[in-house]
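Only this structure's heavy atoms are used, side chains among them; waters, hydrogens and symmetry mates stay out.
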2 protein chains.
Amino acid sequence: MGKASKLSEVAKIAGVSPITASRAIRGNGYVSEAARERVLAAAAQLNYTPDMLARRMRGDKSKLIGVFVNNYGSLVVHEIAKAISQEARNIGYDILIFNAERFDGPGRAPTCDMLSKLCDGLVLLLPNGEDGYLEVIERQRIPAVFFSFDARDVSVPVVAVENREAARAAVEHLIGLGHRRIAFIGGSRATGQSGQRQKGYADALAAAGLPVLPELMVEGRFVQAGGYAATEQLLALEQLPTAIFAANDEMAFGAIDAIHSRGLEVPAQISVIGFDDIPTASGVFPTLSTMRQPLAQMAACAVDELVAMIDGAPVASKKLAFPMELVVRNSTGPAPAA
Amino acid sequence: MGKASKLSEVAKIAGVSPITASRAIRGNGYVSEAARERVLAAAAQLNYTPDMLARRMRGDKSKLIGVFVNNYGSLVVHEIAKAISQEARNIGYDILIFNAERFDGPGRAPTCDMLSKLCDGLVLLLPNGEDGYLEVIERQRIPAVFFSFDARDVSVPVVAVENREAARAAVEHLIGLGHRRIAFIGGSRATGQSGQRQKGYADALAAAGLPVLPELMVEGRFVQAGGYAATEQLLALEQLPTAIFAANDEMAFGAIDAIHSRGLEVPAQISVIGFDDIPTASGVFPTLSTMRQPLAQMAACAVDELVAMIDGAPVASKKLAFPMELVVRNSTGPAPAA
DNA sequence: GTGAAAGCGCTAACAT
DNA sequence: ATGTTAGCGCTTTCAC
């Protein structure tokens, strides 16, 4: 009743050699009906489960996908991980989530290394472009996909949204509503996505002949509290913006909160649009206009790419960018009459 | 530049035997200064990292805590995992999150088994009371802690909140505001927590001499959409409740949403109180009154218990129940004059 | 101070 | 149809 049992024990009870027991359990080679039954019975009796560690050490598949996350705090990360988990499950893989700010820290490298061996393939979520571990992956040609990454070209497939184009669409929505003084709340620069979104913001303004003003571009670290603080900065300006484009939904929530705290109304006085469309976006008040990320499709694509590599396809550079959809809800409205 | 390098390669370059290289790298036995330096240089040159899989197969510690999650969809789970991750990190452990609805499924058992071997200890988050894997853990005396579980007595430590008492406090808050017709939205019964919260709800009503009405007790599976649907049921009643107690915040969001959709106001016409106090609770409008779970403390406690067991303390039944704090925000107010 | 042997649990390849 | 050998990468005896 104590520790887990091993194959040799099962074999002994069944009166066969370990390898025969192994064959019987995996239904692999030739095993007589009689022997097979004795083995299976013994296994059941001992509650035997094969040691995947040992199997994996021999190089067998583990049917496990590792998801490396470096910003577990964020809600999008949660949603993405959920989507990947579902997709993986559908095709017979389980996922293991490993969480660290960086993967190249001193004590962390062996763990990453171990997990990369344990898992058949890896998905790196929002990896930091400067993380040294990215190079390890590229160098060792480990089957891997980067998810939501826009920092630079890499030699593995990258699944992401069309950050720049989508940001532009968000801002064009605001411009279409008559807004002329539009602020941008950016996130941290680690994955390169915020930078692209900022470019899209500038693209839209430029196309409409509007100036790109430094005082209207603030930073909120992709977190709600950061969005709140960034918005307070904006609300302290001489001339307030009439609309805010936040580089993710969580910062948009913070922005709305800050605006309400000042006794102003959304969208009557200031419109707010987010980015990502996490589930909460439709549950808050006012419901949040935002750009929707096709997470399920992206997750499916990432998993498919990964499994292809696991099954032998070469690891190659490949950019899979998904378009986003504008979701208009109640946080954006016509610009107030000046 | 290809695959990861192994100890024997390092040893060959350094001109020593593998075991000497091993000693040098771990700084363990006697190694001459000269040999040590050559080994370290060779290791650096080859980018060598020890294979934890192989180490672990020999029974060494991995400094890894496994977090088994069976309802990854929920936001509380995300918060709890984050808290545990932080605590673990503080004392030199990393965490690995494994996500499955159940852990006793056919293909899943070997993976669970493997992870339980790979990790020094396990935290089971919101485990399903009927999951057969719980018994495996109890039987094999694997160092483990159950987190947010209230289904039955088990032979491992359990870290949870005082579900029944806290639920009672939430409802007493509503009663104190003059509410007499109070509804309850429960979650799924898997962890036993919803049941305890429902008992607390009934306790409070009974203590105030109020009837416990079946039509006021509905089910929302702990998810926002479920809370929405459950509230629609309540809003279809002949006589509406003036307050709703939801067994978690996400269902409370759904409830507020449903109420708004009917053109009613929170809390003017119907008060809503949640349970957990996830971060979004203070960002929505109206801000959500709820019961706060002392997550950081709970996580610290769980990790401490676990590490004690990893370090040799016996695995024993132990109930660690934390009190919750009432957080009054803007979603609860005086009962409307009948 | 260093190395050889043995073994963690499993299975492919090669016998028999 | 079954068993033997060998080896995945590492480290704990036990020798020298």
Side-chain angles (χ1 to χ4, degrees), chain A residues 2-40 42-43 46-63 109-111 113-118 120 140, chain B residues 2-40 42-43 46-63 109-111 113-118 120 140:
Chain A
K3 305 263 67 176
S5 43
K6 29 205 250 193
L7 187 54
S8 58
E9 295 168 6
V10 173
K12 181 178 289 182
I13 293 194
V16 294
S17 75
I19 183 65
T20 303
S22 172
R23 288 195 262 249
I25 283 170
R26 287 171 307 141
N28 201 315
Y30 299 91
V31 182
S32 69
E33 215 27 67
R36 150 168 293 116
E37 276 177 24
R38 270 179 297 133
V39 169
L40 261 34
L46 259 50
N47 256 305
Y48 171 81
T49 46
D51 185 335
M52 288 184 62
L53 231 52
R55 278 193 182 167
R56 186 63 184 165
M57 207 171 65
R58 303 184 13 93
D60 297 1
K61 297 276 179 246
S62 63
K63 283 293 181 179
T111 303
D113 193 60
M114 185 263 292
L115 289 174
S116 74
K117 278 176 193 142
L118 179 63
D120 293 340
Q140 296 188 197
Chain B
K3 305 265 66 178
S5 43
K6 29 205 248 194
L7 188 54
S8 59
E9 295 169 8
V10 173
K12 182 178 289 182
I13 293 194
V16 294
S17 75
I19 182 62
T20 303
S22 171
R23 286 196 262 248
I25 283 169
R26 286 171 307 140
N28 200 315
Y30 299 91
V31 183
S32 70
E33 223 13 81
R36 150 169 291 115
E37 275 176 24
R38 270 179 296 135
V39 169
L40 260 35
L46 259 51
N47 258 305
Y48 171 79
T49 46
D51 185 336
M52 289 182 62
L53 232 51
R55 276 193 183 167
R56 188 62 185 167
M57 206 168 69
R58 304 188 12 91
D60 297 2
K61 297 274 178 248
S62 64
K63 283 290 180 181
T111 303
D113 192 59
M114 186 261 293
L115 289 173
S116 74
K117 278 176 194 144
L118 179 63
D120 294 340
Q140 295 188 198

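The side chain of B:V16 has C:dG3 as its nearest neighbour among C:dG3, D:dG9, D:dG3. With distances taken from any side-chain atom of B:R55 to the nucleotides C:dC10, C:dT11, D:dT11, the minimum falls on D:dT11. Side-chain proximity of A:I19 to the nucleotides C:dA12, D:dC10, C:dT2 is greatest for C:dA12. Residue A:K6 has its side chain nearest to C:dC10 when only C:dC10, D:dG9, C:dA12 are considered. The nucleotide whose nearest atom lies closest to any side-chain atom of A:T20 is, among D:dT2, D:dG9, C:dC10, D:dT2. Ranking C:dT2, C:dC10, D:dG9 by closeness to the A:L7 side chain, first place goes to C:dC10.
Remark: A:Y48 is in phosphate contact with C:dC10, judged by side-chain N or O atoms under 4.0 Å from OP1 or OP2. The side chain of A:R26 contributes an N or O atom lying less than 4.0 Å from OP1 or OP2 of C:dT11. For A:S22 and C:dT11, the shortest distance from a side-chain N or O to OP1 or OP2 is below 4.0 Å.
Atom CZ in A:R36 sits about 10 Å away from atom P in D:dA1, given to the nearest Å. Atom C1' of nucleotide C:dC10 and atom CG of B:D113 are separated by 13 Å, given to the nearest angstrom. As a whole-Å value, the separation of A:E37 CD from D:dA1 P is 15 Å. When the C1' atom of C:dG1 is taken as reference, atom OH of B:Y30 falls 9 Å away, rounded to whole Å. Counting to the nearest Å, the P atom of D:dT12 and the NZ atom of B:K61 are 13 Å from each other. For B:L53 and D:dT11, the CG to P distance is 13 Å, given to the nearest whole Å. Per the geometry, CZ belonging to B:R38 stands 12 Å off C1' belonging to C:dT2, to the nearest Å. For the pair A:D60 CG and C:dA12 P, the computed distance is 6 Å after rounding to whole Å.
When each of A:K117 and A:S32 is assigned the nucleotide of DNA chain D with its nearest heavy atom, A:S32 is the one assigned upstream, toward the 5' end. When each of A:M52 and B:V31 is assigned the nucleotide of DNA chain C bearing its nearest heavy atom, the one mapping closer to the 5' terminus is B:V31.
Atom CE of residue B:M114 and atom OG1 of residue A:T49 lie 11.0 Å apart, to the nearest 0.5 angstrom.
Between A:M52 and B:T111, the closest side-chain pair of non-hydrogen atoms falls below 4.5 Å.
Using a distance-only test at 3.5 Å, with no hydrogens or angles considered, a donor-acceptor pair links the side chain of A:D120 to the main chain of A:S62. Panel note: side chain B:R26, backbone B:S22; a donor-acceptor pair is recorded below 3.5 Å. Side chain of B:R23 to main chain of B:G29: no donor-acceptor pair is present (N/O by atom type, distance under 3.5 Å, no hydrogens or angles).
Among the heavy atoms of the strands lying under 4.0 Å from B:R58 is at least one base atom, whether or not backbone atoms are also near. In this structure, B:N28 reaches neither bases nor backbone, as no heavy-atom distance under 4.0 Å exists between it and the strands shown.
For A:R23 against D:dG3, a side-chain-to-base donor-acceptor contact under 3.5 Å is present.
Contact check on B:R55 versus B:D51 returns no salt bridge, with no Lys/Arg side-chain nitrogen under 4.0 Å from an Asp/Glu carboxylate oxygen.
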